[in-house]
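Here's the structure, in structure tokens; my notes come after.
We use all heavy atoms of the structure for the numbers below, so side chains are in, but hydrogens, waters and symmetry mates are not.
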Amino acid sequence: ERKIAQLSYREINTNRYRAAELRAAQEAARMMAEGNVQGAADAKMRQLMNHYLARAALDARNSIEKIQGEMARYNKKSIQEAIAKAEEQP
């Protein structure tokens, strides 16, 4: 989550982590078929890490989009007028 938190909205790309997860899973299967248990375990660890990175990226994007949606209402003229009116009253 810290790694995702350091990225800007534009840099958060869930597909990148999903693709890396898939590649690691395929690599793990290939290495297991070759009998390389340690290599398969390492690939599985990368698969799991990329799975959780993808979930964190999706959660971060959803959170940002929710905030943007909530803030968009303040762009409405009626809301801005109500705020200006409230500021005028002591």
Side-chain angles (χ1 to χ4, degrees):
E1 290 181 6
R2 280 183 264 143
K3 184 175 181 177
I4 300 298
Q6 295 172 351
L7 300 175
S8 71
Y9 178 76
R10 291 181 182 180
E11 293 173 326
I12 298 173
N13 184 355
T14 58
N15 293 332
R16 182 170 120 199
Y17 300 112
R18 297 261 186 233
E21 177 186 2
L22 181 60
R23 282 193 306 272
Q26 291 169 341
E27 183 181 353
R30 182 179 49 79
M31 288 192 167
M32 196 60 153
E34 293 172 358
N36 184 350
V37 177
Q38 183 60 45
D42 292 342
K44 278 294 186 183
M45 187 62 87
R46 284 193 311 278
Q47 178 188 0
L48 189 60
M49 180 187 68
N50 281 299
H51 172 76
Y52 284 111
L53 282 170
R55 286 186 60 186
L58 184 61
D59 290 345
R61 282 191 79 86
N62 289 340
S63 177
I64 291 168
E65 289 170 0
K66 180 180 177 187
I67 291 168
Q68 286 176 335
E70 292 171 357
M71 295 305 295
R73 68 181 281 240
Y74 292 102
N75 289 332
K76 294 181 181 176
K77 187 175 182 178
S78 61
I79 299 294
Q80 290 178 354
E81 289 172 353
I83 291 171
K85 185 178 179 180
E87 287 176 348
E88 291 173 4
Q89 296 176 356

Where is the tightest heavy-atom contact between [X] and [Y], given as atom of each residue plus distance?
X: Leu53; Y: Ile4; answer: O-CD1, 3.9 Å
X: Ala54; Y: Thr14; answer: O-CG2, 3.8 Å
X: Ile12; Y: Ala57; answer: CG2-O, 3.5 Å

Could you grab the distance from atom CZ of Arg73 to atom NZ of Lys76, nearest 0.5 Å is fine? 7.5 Å
To the nearest 0.5 Å, how far apart are CZ in Arg18 and CZ in Arg55? 8.5 Å
Sidechain-backbone polar pair: Glu21 side chain, Leu48 backbone, donor-acceptor under 3.5 Å: no
Quick check on the hydrophobic clustering: are [X] and [Y] connected, directly or via other members, by side-chain heavy-atom contacts under 4.5 Å?
X: Ile83; Y: Met71; result: yes
X: Ile64; Y: Tyr17; result: yes
X: Leu7; Y: Ile67; result: no

Residues, nucleotides or ligands: over 12 heavy atoms within 6.0 Å of [X] [atom1]:
X: Tyr9; atom1: OH; result: yes
X: Met32; atom1: CE; result: no
X: Arg61; atom1: CZ; result: yes

Please determine if Glu34 and Arg30 form a salt bridge, counting it only when a charged side-chain N lies under 4.0 Å from a carboxylate O. yes
Lys44 side chain to Gln47 side chain, donor-acceptor N/O pair below 3.5 angstrom: yes
